[in-house]
Student: 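Right, I'll just put the structure down here and ask away after.
Along the sequence shown, residues carry numbers from 1. Whatever order the structure lists ligands and atoms in, that order sets their numbers, starting from 1. Just so we're clear, the structure is a prediction, and the values are computed from it rather than from any experiment.
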Amino acid sequence: MDPSDLASPRPIPEELHSEYEERPFLTCTRCGESLREFEEGYQVAKVFKRGEVIFEYALCAPCHSGIVDEFSSESRRALEDFFTENMTSGLGAGVCGICNRGRADLSEPEYTLGAVCLGSDLLESLMICSECTERSNAFISKKTQGIYGDFINDNFPGVPADALPDPTRVPIL
Ligand SMILES: [Zn+2]
Ligand SMILES: [Zn+2]
């Protein structure tokens with residue numbers, strides 16, 4: 001991502017805080033390192049179903065690119081093409097970046113919020129509704145889905161990986 005595309009930094013809004021810890025995310029869900037230490041920033045994802053957070057994580061830049069690197073190159077390319085063709089960036093977290101519907105216009109209140117943060121600042125946020133997440137799922141190979149499933153199983157025992165939209169597909173690579 002070209003840093004000049006980023007809106008000016010602002011404090012991370014509460015809806016992008018950790019619901020579980022009731023404060024901003026402090027550590028990487030995968031490696032446990034302090035997120036504020038990463039000069040490349042970090043990513044936050046929260047999945048909402050019927051208004052409830054069912055799943056959330058924060059990933060430092062090295063862990064995020066580590067997961068994406070494990071994706072097959074076909075999946076990665078297909079996803080990049082899908083998002084390049086369909087995604088409008090800069091809309092913020094109130095509007096689906098793909099179908100451009102506001103949260104109130106969704107048939108179900110089910111969506112993923114994604115954000116890029118640096119220190120205690122929000123650089124960019126976005127929302128993708130569950131229907132658009134399902135459309136993007138068609139571009140992921142079974143092997144790549146397995147990589148994501150392993151991440152879920154390792155970090156969130158008891159959460160059925162295949163029942164969830166995949167926030168790592170949020171195109172803030
Ligand atoms: Zn990490
Ligand atoms: Zn949508």
Student: On a heavy-atom basis, which atom in His17 and which in Arg23 lie closest, and how many Å separate them?
Tutor: CB-O, 3.5 Å
Student: Could you tell me whether the side chain of Cys60 reaches within less than 4.5 Å of the side chain of Leu35, counting heavy atoms only?
Tutor: yes
Student: Under 3.5 Å, is there a donor on one side chain and an acceptor on the other for Ser107 and Glu131?
Tutor: yes
Student: If we ignore hydrogens and angles and just use 3.5 Å, is the side chain of Thr29 paired with the main-chain N or O of Ala58 as donor and acceptor?
Tutor: yes
Student: Hey, which protein N/O/S atoms does the Zn ion (ligand 1) have under 2.8 Å?
Tutor: Cys28 SG, Cys31 SG, Cys60 SG, Cys63 SG
Student: Give the minimum heavy-atom separation between Pro13 and Leu122, together with the two atoms involved.
Tutor: CD-CD2, 3.6 Å
Student: If you have a sec, read the angle at the Zn ion (ligand 2) from Cys96 atom SG over to Cys99 atom SG, to 10 degrees.
Tutor: 100°
Student: Decide whether Leu59 and Phe38 are clustered together by the hydrophobic rule: side chain heavy atoms of Ile, Leu, Val, Met, Phe, Trp, Tyr closer than 4.5 Å, transitively.
Tutor: no
